[in-house]
Amino acid sequence: MARKKIIAGNWKMNMTPSEAVTLIETLKPLVQNDEVDVVFCVPSIDIIPAVEATKGTNIVIGAQNMHYEEKGAFTGETSARMLVDAGVKYVIIGHSERREYFAVTDQTVNKSVLKAFEHGLIPIVCCGESLMQREQGITIGWVCQQIKIAFQNVPADQAKKAIIAYEPIWAIGTGKVATAEQAQEVCQALRHCISEIYDDATAEAIRIQYGGSVSADNAAELFAEPDIDGGLVGGASLKPDFGRIVNYNK
Ligand code: PGA
């Protein structure tokens, strides 16, 4: 069975709650495409108005981060239960910016993935290499290791529903997109890694996104690759251009 494409916007730390509603109103008519799952990963404080503003549309709301503990003394954090209660369906786990600035590690990524599934949230698990790692030729080993740890103790029936986002760090926010061949090579290797951890059926089911300077101009070429099942889009998800990305196949 063909995998349905999933295209998610990662708004990062942009848009106040009222700006979020305005942006959603602008994008709503532009992001209709029955062949694609459309997700907006918004800042925590925008989640509730965003869920309200997207009711009755094809847009699903995601979060950008989540704590791996159930609840308690973790000032400033958001729990899985809070996200579910607010109407969130997806949560980005282990984005490279969180790994770099907020002490997220492969081990805490794993804990968060387990906690997300426990509460019925779908994790968008991020991996990706730095420019130095790419130049050293260790990209595939590196991202597979990140994914192996992220999925420790996750049963196959849950892993099947997960989303992996391959995001080369050197391509994020730089306008320097990976070529379709580079992105396909790594996404294919990640699928192979999933088949080693689980089995072929799980590898065939799991959806793997590419992220890093995805734009209306390069989306169609990237998403035509056999192992790229959509994108995680930063900068271009805040503009009407996101409609062209979602409708890459039209
Ligand atoms: P970008 O960000 O599209 O702005 O490069 C992608 C991401 O960090 O998810």
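Along the sequence shown, the residues carry numbers beginning at 1. Whatever order the structure lists them in is the order used to number ligands and atoms, beginning at 1.
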Enumerate, atom names and distances included, each donor-acceptor pair closer than 3.5 Å involving a side-chain atom of residues 154-161, sequence neighbours excluded.
none

Open item on the list: With side-chain hydrogen bond (donor to acceptor under 3.5 Å, both in side chains) as the rule and sequence neighbours excluded, what pairs involving residues 162-178 come up?
Closed with: H95-E167, E129-Y166, E129-W170, R134-Y166

TODO: Look at the rings of Y198 and F151 and say which category their plane angle falls in: under 30° parallel, 30 to 60° tilted, over 60° perpendicular.
DONE: perpendicular

TODO: Look up atom CD1 in I245 and atom CG in L30, then write down how far apart they are to the nearest 0.5 Å.
DONE: 12.0 Å

Task: Basic-acidic side-chain contact under 4.0 Å: E204, R191 - done: no

Give me the pairs of N or O atoms, one from ligand 1 and one from the protein, that sit under 3.5 Å apart.
from, atom 1, to, atom 2, distance (Å)
ligand 1, 2 (O), K12, NZ, 3.3
ligand 1, 3 (O), S213, N, 3.4
ligand 1, 3 (O), G234, N, 2.8
ligand 1, 4 (O), G235, N, 2.9
ligand 1, 5 (O), G173, N, 2.6
ligand 1, 5 (O), S213, N, 2.7
ligand 1, 8 (O), K12, NZ, 2.7
ligand 1, 8 (O), H95, NE2, 2.7
ligand 1, 9 (O), N10, ND2, 3.4
ligand 1, 9 (O), H95, NE2, 3.3
ligand 1, 9 (O), E167, OE1, 3.3
ligand 1, 9 (O), E167, OE2, 2.6

Task: I45: hydrophobic cluster co-members (side-chain, 4.5 Å) - done: none

